[in-house]
Structure formats: structure tokens, C-alpha cells
Protein chains: 2
Amino acid sequence: MVTIKDVAKKAGVSISTASYALNNSGPVSAETKERVIKAAEELKYRPNGNARDLKSSKTNTIGLIVSDLAGPFFSELIRGVQEATLASGYDLMALSAIGGFDSTAAKFLKEKRTDAMIIFAHNLDDNLIKSAARQDMPIALLDRRLSSKYIINIEVDNFNGAYKAVEYLISLGYKRIAYISGSDDSYDNIKRFEGYKAALEAYGIGYAPKLCYKGNFIEAGGYQAAKLMLLQNDLPQGIFAANDEMAIGAMEAFDEAGLKVGKDIAIIGFDDIRLAQYVDPPLTTIKQPVYEMGCLAVRLLMQALQGDFPNEEEIILPAELIIRKSCGES
Amino acid sequence: MVTIKDVAKKAGVSISTASYALNNSGPVSAETKERVIKAAEELKYRPNGNARDLKSSKTNTIGLIVSDLAGPFFSELIRGVQEATLASGYDLMALSAIGGFDSTAAKFLKEKRTDAMIIFAHNLDDNLIKSAARQDMPIALLDRRLSSKYIINIEVDNFNGAYKAVEYLISLGYKRIAYISGSDDSYDNIKRFEGYKAALEAYGIGYAPKLCYKGNFIEAGGYQAAKLMLLQNDLPQGIFAANDEMAIGAMEAFDEAGLKVGKDIAIIGFDDIRLAQYVDPPLTTIKQPVYEMGCLAVRLLMQALQGDFPNEEEIILPAELIIRKSCGES
DNA sequence: CTGTTAGCGCTTTCAG
DNA sequence: CTGAAAGCGCTAACAG
């Protein structure tokens, strides 16, 4: 590995002069500078970013942690974060939380390797996050709530989103409305479930535990849940799935059973992933403003880095009903 | 920032002892160790990863650079890379090449911050990549070819994939076959275009420049191309789009024009992105083994890190024809 | 304008 | 079993 020392020696100058020349950071004569640069090129010198960061105790990068880099849902979020980060002149590194406590994400969280973090993952321990957050490492926590001076909570209005979804189903005349749930312990699943129950209640429809199915937020889970309904021979009129993936899984199952979604049974999802508009019939769903969330997170983090944290305990973004065809025409 | 020094002081031991205790890396009495760990906890000590990496001149992470983190196409690739990296005990950091020369990716490439890199991006300069590749920073380059001792080229068989696509269209009886191209300068577009021409030739069908449209690898590009065909009032019988995004864009345009894809016009794509099976009609396409590519890249890189580079100039993975409905029943 | 030098936080010989 | 000290590659006072 060729270091700045080698460059300096080759150029016949001192290390500091070499550094100045290479970074335009100090007074160097044009001639010397050129000599240094030439030496660096000939030696194929590459600065060592780690050393620089160590010295300046600043990385100029913000990290984005998602539960699974490969998930389709994160595309929009990443887009938002990416644009905002780029605009602020920071670098972005995306990390996966797969593996939980042993994941790369956990490691980078513990060892300060970024100036700030955005976390959109549920498989990361509360304590881990809490203890990682500090003055010089603010964290924007999406769709999850944790109280700490250095954590900025940003969430979408899961409760009202779910409420709207169920209300819409009810407005269409459906009364027996099932719920396909996400991971039990996840914050958003809990909120969505509450919204589901509240809407039912508000319209004088009792909540029935047997209409609740487990789907774990994945397509296969939704498929299984629908299969179960089919098996029980006691189909609900409408289904509210806690995310689009599960809704799509359920649609497949009904499709296989020869049922017409939108006619024989109504399904509404949550998230509005890209696929939602392409499935047949197009999926009615609740749109999360993920892109905006990403941008907002970056902006708030930038401010936090200046020592300026928001006052609110959490920031809640509205969710919007997107009507397509899977619940029938309205 | 609390350092290991603070911990050592608080525990009443020397720095090295503290380090040993914290990392289980040296002989420390159980009692001392406990004292150190307790002190670290109380102080909320977080090791500084940069310092560690600097000292050990090893980062234990591999980087994955894609042209756009938010693109749908990369999901599968990321999945493959993610799993393989995890399995080898390395960490993974995903970087975007948006911004080209000024991107985070470029920066991380120049400043050695990872032990190895996987690059799947076309907007990164050849020289940049070439000069970043070195013994202690091997690079796996996907779908692109660059000759260097430290670069491992892995590509999918673009030529034969395209050939198969066009051959399939011909076997269905179509003769006027259009091409919607990706970015002109991209390696895979060139190869696919060659495959397209070769198949036409092989079956005695002349290649007509006017049947070639620009689509730039994006959905809107495919849409535009189809609009153009429509406008010219001289529709081809079949279309080979250089990727699925463009094929889907074209489908939209035809849909709007009241044409039935699969009946009035045949379309075949390339990539087999997730959406392909959900559009209406489901898109016939050429599947790239991206997942496998990801896994392979990691494995080869691990070997390279041991000094063991593959002999072949490049590794070519086969592409597979996936027949669905967009070209009609076969 | 240029060189000397003191660290950034950490690991790891090498002595005790 | 524990401590002193060197040094990873780089930046930035400070002194010349």
C-alpha cells in the first residue's frame, strides 16, 4: 500500500506539504504542487479514507438501515434518502439489518462509522438503537417509536390509515371484514390493528378475533391466510391486509380458487408498493409517503448534526387512500 | 466521545488490558475483565470502527455498487450478495453510483474503505474502476468487461439471450421485429443488439435500422418508443425490448392505444424483474441469473482476497427464456 | 511557502 | 497476567 509518505518522498517534499498539495488545503507553490500530484499519480497513490476520518473524527456519510436491502418496499424510501443526501453533500451507505444483533447494521451502529443513521427496520433491538444514539450520532427512526434525546421519530399515520381502509370497506357495504396481520410485535402492525378495530367499532360492527389472520408481512403469509379462509368455508366480505405484499399473496390464493377479487371478495392493502398498480385487479391500498419520509429524515438529521433537534416527540405523516379496483367499483 | 482510554482509567487498568478484556483477545483475569466491561458499560463506551480498521488495515466489509440503489432490478442481485456475504462473515455496504464521478461509490472506490467491491453500474468511469482495483481491493465487475489483473468479470450471456428472444419471436411466425435499445454505450445493450441482429440474419431476415428505437433502459423510454411506432402507423409484428422496464413501458402505450399485447403485437423483454409476471399479460422475457451472479461474485472475491484469482478472462452465465403470455400462446 | 511534530483511537508486540 | 510504547495513514498547528 502506497501512503502519502511515499508520495512525499518521491516528490522530495515533506509529508505535510504533500498533504497540502493533494488537498488544496494549504499554501503550496504551484510548482511543488504539480510535482506532488505527478508523484502521486505515478505511484498510483490512493488516500486512505479511514485514516482521514479517524483524524477528523467525521465521516461525512449517513447510513440507511433497512430490514432487508432486497425488499421491494424500500425502493421509494431509498430514492428519497438518496436524493436528499446527495443534495446535502453527504455520502450514503445502505446497510441491511438481516441477522439482527449480528448484522452489519448492528455493528455499524455500535461502532461509529457514520455521522448519522436512518433506521427503517424492526428486527433491531430497542436498546441497541437507544445506546447508539448520541450527540454525534443522531438517529432518525422510521415507523417505530423510541424515546431518546438523540432519536428523531418519524412515522406514518398507521392508525388513521388503517381506519380509513376499513371505513372505505364499510362504506362499500361490507360488514364481515377480516384482518391479515403483519409481525405481531412490530409497531406499525399494532397501530394498524388498532385502527382496524376502531373503525369496526365506530360503525357498530363488533371485532371478531376469528377474522384475524397472521401473515407476517410477507406474500406467502397472505397466501396462507387466504387459503385458511377458503378452507374454513366462511369467507369474509372484505379483507384489510396490513401490507400490500400480503394482500397480493391473498389475491393469488383467491385467484387459484376461482374467486374474482373485487367482485366476490374485496381486498385492500397498505403501503402502495409499485406492484400494487400492476396486479390484476389493481390493488386498492393506503399509500405511505415513504419518499417524503426519506427526504424529511435526511433534512432533520442534518439539522440535528448542527445541534438542532426537533421539539416534537414524534413527527407523523398522513396516509392516503388510493382507490383502484380490488374492492370493486365505488 | 468516550475512548478506550477512559474505560481503562475508570477500571484502573492500562489501555492494553482494557483492549484485551473488551475483545477477548489476550490473557486477562476474569476479575479484571469484568471490571473493564462494567466500566465500559457505565461510560457507554463505543469502539471506533475506523480506528480499528486503520490499525488492522482491514475493513472486513465488501461494498456493492449499483447504478441506482432504488432500482427494482437490483433486488435479486442484492439478495444473492447479501446472503453470500453474510455466510462468509463479511459485512456488506451498498453504495449508489448516482452522480458518477462525484458519487459516494466513486469516493469509496478511490479511498480504500472496503476489502473488495462488486460493481453493477455503467455510469462509472473505466479508469476509475481500473485504478481502484488492486491486490488488496479486488473488484467483481458485473455485466461489463474491463481487463485487469485484479478485476473479475462476470456477465450474463447477453448475446445468446437476445438471440434466443428473437429466435422465439421468429418461431412464432413474426418477421418484422423491432428492437428497443438501452443506453447506447452500455456493454449489455451492445451485446443484446448484436444478438438481435445475428438472429435476424440467421433466419434470413434483414436487419432494418428503422425498426430500432431508443429506450434508454427506462420505462418511459419504452413508452416513448411504442408511441413512436404507433405514430408511424407501421407497427412491427414483434418487439424485443432490451430490458423489462422498457417492455412494460411499451405495453402501457399499446394498451392505451387499444391494442392487445400478445394478440395484436408480441413483446419480449430481458431481465425477468419481479413485475414481469404481474403485468397484464404476463411478460415473456429472458431471465438473467442475477441472484446467482451475486453469490458467485462474493465467492470469487473471497478467493481473490486469499490471492487466488480465477483464470478465465471472464465468466459467462447463461440466460434463460421464460415464456409467458405477451407473445401470444406458443 | 515548507518541514517537524503531535496526535485521532485502537491493537499488539515486548517487557516486566 | 498486566503495562508501556510503537505505529496504522493522515491532518493541522506551529515554527522556521
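These numbers come from a predicted model, not from an experiment. The sequence lines fix the lettering, A, B, ..., with proteins before strands; numbering per chain opens at 1.
- Distances from the side chain of B:Tyr45 to the nucleotides D:dG3, C:dC10, D:dA13 place C:dC10 closest.
- Per the geometry, CG belonging to B:Asp53 stands 12 Å off C1' belonging to C:dT11, to the nearest Å.
- When heavy atoms are screened at a 4.0 angstrom cut-off, B:Asn50 is found touching no nucleic acid atom at all.
- Within 4.0 Å of A:Ser57, counting heavy atoms only, lies no atom of the nucleic acid at all.
- Among D:dA13, D:dC10, C:dT2, the nucleotide with an atom closest to any side-chain atom of A:Pro27 is C:dT2.
- For A:Ser25 against D:dA12, no side-chain N or O and base N or O form a donor-acceptor pair under 3.5 Å.
- Within the 4.0 Å cut-off from OP1 or OP2 of C:dT2, at least one side-chain nitrogen or oxygen of A:Ser29 is found.
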Review point. Run the side chain to side chain donor-acceptor pair (under 3.5 Å) check on A:Ser67 and A:Asn123 step by step: do they pass?
Key: CA-CA 7 Å; A:Ser67 47; A:Asn123 52 344; 4.9 Å; no
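- Side-chain proximity of A:Lys55 to the nucleotides D:dG3, D:dC10, D:dA13 is greatest for D:dC10.
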Exercise for review: Please step through side chain to side chain donor-acceptor pair (under 3.5 Å) for the pair B:Asn50 and A:Lys112, ending with a clear verdict.
Suggested key: CA-CA 8 Å; B:Asn50 268 326; A:Lys112 182 180 171 8; over 6 Å; no
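- Across all non-hydrogen atoms, the minimal contact from A:Ala297 to A:Ile154 is CA-CD1, 3.7 Å.
- Looking at the side chain of B:Arg52, the nearest of the listed nucleotides C:dG3, C:dT13, C:dC10 is C:dC10.
- Here the P atom of nucleotide C:dG9 and the NZ atom of B:Lys9 are 13 Å apart, to the nearest Å.
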Point to revise | Stepwise side chain to side chain donor-acceptor pair (under 3.5 Å) check, B:Thr104 with A:Asp91 | key: CA-CA 5 Å; B:Thr104 303; A:Asp91 289 315; 2.8 Å; yes
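- Residue-to-nucleotide proximity on DNA chain D shows that, of B:Leu54 and A:Ser56, the 5′-proximal contact is made by B:Leu54.
- One can place CZ of A:Arg113 at 12 Å from C1' of C:dG9, the figure rounded to the nearest angstrom.
- Distance, A:Asn23 CG to D:dA13 C1': 16 Å, rounded to whole Å.
- Taking only side-chain atoms of B:Ala51, from C-beta outward, the nucleotide of C:dG9, C:dA6, C:dC14 with the closest atom is C:dG9.
- Evaluation of atom-type donor-acceptor distances gives no pair under 3.5 Å for the side chain of A:Thr32 against the base of C:dT2.
- In the set C:dC14, C:dC10, C:dT2, the nucleotide with an atom closest to the side chain of B:Tyr20 is C:dC14.
- Comparing D:dG3, C:dG7, C:dC10 against the side chain of B:Ile4 picks out C:dC10 as the nearest.
- A close approach under 4.0 Å does not occur between any side-chain nitrogen or oxygen of A:Thr3 and OP1 or OP2 of D:dG9.
- Mapping B:Thr17 and A:Ile15 onto DNA chain D via the closest heavy atom, the residue that lands nearer the 5' end is B:Thr17.
- Rounded to whole Å, atom C1' of C:dT11 lies 14 Å from atom CD of A:Glu111.
- Minimum interatomic distance between B:Lys5 and B:Ile15 (heavy atoms only, all atoms of both residues): CG-CD1, 3.8 Å.
- Heavy atoms of B:Ser19 sit under 4.0 angstrom from at least one base atom.
- A pairwise comparison of heavy atoms in A:Leu92 and A:Gln82 identifies CD2-CA, 3.9 Å as the closest pair.
- Going from atom CG of A:Leu22 over to atom C1' of D:dG9 covers 13 Å, rounded to whole Å.
- Look at CG on A:Asp6: it is 11 Å from P on D:dC8, rounded to the nearest Å.
- Protein atom NZ of A:Lys5 is 9 Å distant from nucleotide atom C1' of D:dG7, rounded to whole Å.
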